[in-house]
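If you read the sequence from its start, that first residue is 1, and numbering goes on from there.
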Amino acid sequence: RHTETAPLPSYDEVLVCTPDTEEEEVELLVRRALSPGSQDQKIYCLLGADKLVYKVSKQLESHFFRLVQSSSIPNYRFIIFCNAKAHHSYVITAFDAYKVTFPCCSKTEIQTYLKMHLKVPSGTAPVAQAFEEPYQQNVKFIFSERAGMGK
């Protein structure tokens, strides 16, 4: 359901997948989504699941379907995001029956939503001011080839 006031997911609800993502990380997220107590309005998400290596993809499928069959939770919230052009992905094939197209939102709608949810509260640490943006955000992704170089 699309609402402008719905919060962004918290750190424990999202796993950003890479080819280095391990089976244990994926299993932990699936367990969170399908365990008793997960009904507290959280939406668990695997982002970029098409990047998982074959072995981890197979384990995701195995853990998910095993837990769905043994779970007593009828309305779990678990979303797997994949690139629609990643036709080689095992995850896309394994979960094809559950595939839905993401509702289209305009770039402006997405930017407005993110601006509303990523604002730095007034009086917060000046680290957010290090980024010259027309609006202050409290989230920035910084990638480096050389880890630990002051970032």
Side-chain angles (χ1 to χ4, degrees), residues 1-71 73-120 127-128 130-131 133 135-149 151:
R1 187 171 50 175
H2 174 73
T3 93
E4 292 180 12
T5 57
L8 289 168
S10 61
Y11 72 94
D12 65 326
E13 295 173 75
V14 179
L15 177 61
V16 180
C17 300
T18 70
D20 297 324
T21 300
E22 297 179 4
E23 175 190 339
E24 292 79 16
E25 296 171 284
V26 172
E27 181 182 5
L28 179 60
L29 190 75
V30 173
R31 284 185 182 281
R32 283 182 191 146
L34 299 174
S35 296
S38 68
Q39 296 296 297
D40 52 2
Q41 302 302 311
K42 291 189 175 193
I43 300 174
Y44 295 91
C45 309
L46 276 178
L47 300 180
D50 53 286
K51 295 177 183 160
L52 294 172
V53 296
Y54 179 76
K55 180 181 176 188
V56 176
S57 297
K58 287 285 288 179
Q59 292 301 320
L60 164 61
E61 177 188 33
S62 173
H63 292 307
F64 176 80
F65 288 110
R66 181 176 42 81
L67 287 169
V68 163
Q69 289 175 351
S70 65
S71 178
I73 299 173
N75 297 316
Y76 58 87
R77 297 174 175 202
F78 184 64
I79 302 172
I80 301 172
F81 290 93
C82 293
N83 182 340
K85 295 178 182 174
H87 303 293
H88 64 281
S89 170
Y90 183 82
V91 173
I92 292 174
T93 304
F95 293 92
D96 189 60
Y98 300 94
K99 182 170 74 171
V100 294
T101 303
F102 187 71
C104 187
C105 296
S106 72
K107 182 179 178 181
T108 305
E109 288 176 309
I110 293 169
Q111 287 175 332
T112 302
Y113 174 83
L114 291 175
K115 283 179 188 178
M116 185 173 77
H117 288 284
L118 298 178
K119 290 226 182 219
V120 176
V127 71
F131 303 104
E133 300 278 339
Y135 52 90
Q136 292 181 333
Q137 297 178 342
N138 63 358
V139 175
K140 279 287 184 187
F141 289 99
I142 299 174
F143 297 95
S144 174
E145 295 296 321
R146 298 172 55 190
M149 298 302 294
K151 292 180 177 61

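- With rounding to the nearest 0.5 Å, the separation of CG in L28 from CG in L15 is 8.5 Å.
- For the pair E13 and I43, the tightest heavy-atom approach, listed with the atom from each and the gap, is OE1-N, 2.8 Å.
- Scanning both residues, C17 and K51, for their nearest heavy atoms gives O-CD, 3.8 Å.
- Residue A49 comes nearest to V91 through the heavy atom pair O-CG2, 3.6 Å, listed as atom of the first residue, atom of the second, then distance.
- To the nearest 0.5 Å, the span separating OG on S62 from CD on E23 amounts to 8.0 Å.
- Counting only heavy atoms from C-beta outward, the side chains of Y90 and I92 never approach each other to under 4.5 Å.
- Scanning for ring pair (Phe, Tyr, Trp, His ring centres under 6.0 Å) contacts around F95 gives F64, F65, with sequence neighbours left out.
- The line from CG of L67 to CD of E27 is 7.5 Å long, rounded to the nearest 0.5 Å.
- With sequence neighbours excluded, no residue satisfies salt bridge (charged side-chain N to carboxylate O under 4.0 Å, His left out) with D20.
- The main-chain N or O of T18 is found under 3.5 Å from a side-chain atom of T21 such that the two form a donor-acceptor pair.
- Checked against a 6.0 Å centroid threshold, the rings of F78 and Y44 do not count as neighbours.
- Looking at E25, its side chain does come within 3.5 Å of a backbone N or O of E22 through a donor-acceptor pair.
- Separating the SG atom in C82 from the CG atom in L46 is a distance of 8.5 Å, to the nearest 0.5 Å.
- Separating the NZ atom in K42 from the CG atom in D12 is a distance of 3.5 Å, to the nearest 0.5 Å.
- The closest donor-acceptor contact from the side chain of D50 to the backbone of N83 lies under 3.5 Å.
- With values rounded to the nearest 0.5 angstrom, R31 atom CZ is found 11.5 Å from E24 atom CD.
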